[in-house]
Amino acid sequence: MNNRKWLKVLLLVLVCCLCVSLAACQSKENTNNEASGTSGKQPSEKTTIKMWTFLDPNGTSAREVALKQIITNFERDNPNVKVAVEPQVWDTLGTKFLAANQTGNAPDVIWTSMDDFGTALKQNALVDFESLFLNSWTPEDIKDIDDAYWAFGNKDGKHYQVTLSRNYIGILYREDLLAEKGIKVPFKTWDELIDAAVKLTEKDAATGIQRYGFGQAFSPESPDPQVFPPSLIQSQGDMFTEGGKANWSTDAGVTAMNRQLDMVTKYKVTPDSAISSSVEDVYNEFKAGRYAMMIGAGVRIPTLQKESTFDGSKIQMTYFPSEDGSTFSPSVINGWNVGVWSGSKNKEAAGKFVEHMINAESDEIWMTVGGQVPVRKSTVQKNADFLSKPDKTYLSVMAEGFAKYGYAQPWEFPVSGWRADLNKIAQDILVKGKDVKAALQAAEKEFNERAGS
C-alpha cells in the first residue's frame, strides 16, 4: 500500500474515534442535565424584571439614591437577575398600571398609591405574597413588620403589598424662625396655628423676600391634602360614609373649608397665588425662604434639608392641631403599595426582589440614606442614635403620627381623585365666588357619580 492510501486510512480512523468521543460526551451531558432537572437549560441564563415606580435610581433625591443602592445590593446577591426601572409620573402611575393590566402589558413589580390599590385588588392584578415568600417567614419575621400598613388591603387573609415611602402629611416649619418669635410647637388649636402664621408673615430682614406664615396649594394638579381633611376628620370621624360616599357638605365640612380659605382671604397668611399653586410650587418656595411653615409630606424633608437656601437642618415637622386642643387632628397617611403583577412571567424573581426591598439591610438604607420611616421595628431599635439626631427627629414625629394620629383611607371602594376634588372646591369658592356649602354639595355629587357609590 502506498503512502497516500495509508494516510486516507489513518484519517478515517481518526474521524471515527472523534465521532464516538463526541457522542459519548453528549450522552453524558444529557444524563447530567436530566438528573439536575434543567433539561438542557443553562443555569446562568439572565432574568430581567421590570419595575414601575415614580423614583428614578439615577436621580439625586434621597429616596432615589437609596433605591439605587438597594437594587445594586440585590443584583450583587442575585447575579442572574437584573432590575430594570422605568420611572413614571407619580400621579398617573396607578391609572397607567390598571390600564396595562387590562392589556396584559404591565411590569413585574408595581408601585401603586393607596387610592388605586383597592381597584388593583378587584381586578385581580396582584399576586399574594404567601405564594411567593411569606409562607417561609417565621412568626417573629411577621411581627417585625406587622402594623396598620401591613394590614392595609388584606384580602381573604392574604397580603398583596408592602408599603414603602410611608408618608405622613403635617406642618413643616422652620425651627429658627419660630424660635425668633418665641413660638412653641406643637400647636394645640387651629387658633394657635393661625396666630403663629400671622406673626411669621413679614419681609425677611436679611433677604428682603416677602415671607408668608403658612403655605398651601389649591391646584388640582398633583395635590396633597390641605387643611380641610384633618379638620373634617377630627370633627366627624371620616370623610366618607360606610358605603363609600363623599361626606363633605356637613356643618363640620363647611367649618373646615372656611378655616382653610380664611388663611388666604381673612388672615393673609397664605398668598393669593395658592389658588393656582401646585404642591411642587410650594415646596420650591419653602426651600427658597418664602414660607415659614407649609403643609407638606415627611418623605420630602431630606430633599428640602439638602436643597434649601437656609440651614436645612432647621426644617422640622409637627402635627395638625384640633378644635379644642385636647388632641391632634388625624392626618391622611399614605405611601406606595409595592406588589407583584399577577400576569408576570417572572413572579418568583419579582417576589424575591420585593422581599429584598424590606429585608433588614434594605430597611436600614431606606431610613439612613433615603430618610424614610422604616418598615421594621427592629430597624428603629438598632438605630436609636441615628433617630435622636436633631435633623432626624421628623422621623419620630412621622412614626408617632402613623400610630396615633393617622387616617387610612378606605380601600374597599374607589376613592381616587378626592384630593383634586377638594382643591377644585377651593378654587370655585375663591375664584368664582361660590357658596361654600353649595360647592361642597356639588363636589360630593360629582365624586359619588364618578365612584359609582
Side-chain angles (χ1 to χ4, degrees), residues 51 53-55 57 61-74 77 83 109-114 117 126-130 132-154 158-169 297-302 317 331-340 350-387 392-406 408 411:
M51 180 170 75
T53 173
F54 64 96
L55 298 174
S61 74
R63 285 181 289 178
E64 290 171 327
V65 173
L67 177 60
K68 183 174 183 177
Q69 188 172 334
I70 289 166
I71 291 173
T72 298
N73 291 346
F74 176 77
D77 297 338
V83 180
V109 178
I110 180 64
W111 295 45
T112 60
S113 70
M114 285 182 158
F117 184 74
L126 301 168
V127 183
D128 66 277
F129 288 167
E130 279 74 9
L132 295 177
F133 56 82
L134 268 190
N135 283 340
S136 65
W137 282 30
T138 66
E140 289 74 25
D141 292 331
I142 297 291
K143 186 178 180 180
D144 199 24
I145 66 171
D146 191 7
D147 59 10
Y149 277 111
W150 183 238
F152 181 79
N154 285 4
K158 294 183 178 181
H159 300 78
Y160 294 81
Q161 63 85 31
V162 61
T163 311
L164 296 179
S165 283
R166 300 177 172 209
N167 204 0
Y168 192 81
I169 303 293
V299 295
R300 301 293 289 267
I301 290 179
M317 186 178 202
S331 179
V332 179
I333 62 172
N334 216 322
W336 288 88
N337 305 129
V338 184
V340 175
K352 196 170 187 179
F353 178 60
V354 171
E355 184 180 21
H356 173 85
M357 283 197 287
I358 58 171
N359 68 17
E361 178 187 42
S362 298
D363 200 39
E364 188 164 324
I365 292 171
W366 282 124
M367 183 182 71
T368 59
V369 178
Q372 307 302 294
V373 177
V375 172
R376 293 178 174 273
K377 301 176 183 68
S378 58
T379 306
V380 176
Q381 296 166 357
K382 293 175 183 176
N383 292 273
D385 291 342
F386 175 84
L387 291 169
K392 306 300 180 187
T393 55
Y394 73 92
L395 291 170
S396 297
V397 172
M398 291 176 69
E400 186 173 2
F402 295 149
K404 296 181 180 180
Y405 314 114
W411 62 268

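Keep in mind it's a predicted model, so treat the numbers as computed, not measured.
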Any donor-acceptor pair under 3.5 Å from [X] side chain to [Y] backbone:
{"X": "K392", "Y": "M367", "result": "no"}
{"X": "Y168", "Y": "V397", "result": "no"}
{"X": "T112", "Y": "F117", "result": "no"}
{"X": "Y149", "Y": "N334", "result": "yes"}
{"X": "D363", "Y": "I358", "result": "no"}

So, do [X] and [Y] sit near enough that their side-chain heavy atoms are less than 4.5 Å apart?
{"X": "I142", "Y": "L134", "value": "yes"}
{"X": "F353", "Y": "V83", "value": "yes"}
{"X": "N383", "Y": "E364", "value": "yes"}
{"X": "V332", "Y": "I169", "value": "no"}
{"X": "W137", "Y": "K143", "value": "no"}
{"X": "T379", "Y": "V375", "value": "no"}
{"X": "N73", "Y": "I365", "value": "yes"}
{"X": "M398", "Y": "V299", "value": "yes"}

Heavy-atom closest pair, residues [X] and [Y]:
{"X": "F54", "Y": "S165", "value": "CZ-OG, 4.0 Å"}
{"X": "L395", "Y": "F386", "value": "CD1-CE2, 4.0 Å"}
{"X": "G335", "Y": "T163", "value": "CA-CG2, 3.8 Å"}
{"X": "P374", "Y": "V380", "value": "CG-CG2, 3.5 Å"}

Exercise for the section: Apply side chain to side chain contact (heavy atoms under 4.5 Å, CB included) to the pair F74 and E361, showing each step before the final yes or no. Expected result: CA-CA 10 Å; F74 176 77; E361 178 187 42; over 6 Å; no
Would you compute the distance between atom [atom1] of [X] and atom [atom2] of [Y] and round it to the nearest 0.5 angstrom?
{"X": "W111", "Y": "Q161", "atom1": "CH2", "atom2": "CD", "value": "12.0 Å"}
{"X": "F402", "Y": "I333", "atom1": "CZ", "atom2": "CD1", "value": "6.5 Å"}
{"X": "L387", "Y": "K382", "atom1": "CG", "atom2": "NZ", "value": "13.5 Å"}
{"X": "H159", "Y": "L132", "atom1": "NE2", "atom2": "CG", "value": "13.5 Å"}
{"X": "L67", "Y": "M51", "atom1": "CG", "atom2": "CE", "value": "5.0 Å"}
{"X": "W336", "Y": "L55", "atom1": "CH2", "atom2": "CG", "value": "9.0 Å"}

Practice task
Starting from the C-alpha separation in whole Å, work towards a yes-or-no answer on side chain to side chain contact (heavy atoms under 4.5 Å, CB included) for R376 and W366.
Solution key: CA-CA 11 Å; R376 293 178 174 273; W366 282 124; over 6 Å; no
Problem - Within 6.0 angstrom of K158 NZ, more than 12 heavy atoms from elsewhere - result: no
Problem - Side-chain ion pair, D147 and R166, N-O less than 4.0 Å - result: yes
Problem - Residues L126, I110; criterion side chain to side chain contact (heavy atoms under 4.5 Å, CB included); working and verdict - result: CA-CA 9 Å; L126 301 168; I110 180 64; 3.8 Å; yes
Practice task
Start with the C-alpha gap between W411 and N337, add the side-chain angles, then the distance that decides, and say whether side chain to side chain contact (heavy atoms under 4.5 Å, CB included) holds.
Solution key: CA-CA 12 Å; W411 62 268; N337 305 129; over 6 Å; no
Fill in the blank from the handout: Sorted by chain and residue number, the side-chain contact (heavy atoms from CB on, under 4.5 Å) partners of P302 (sequence neighbours excluded) come out as A62, Y394
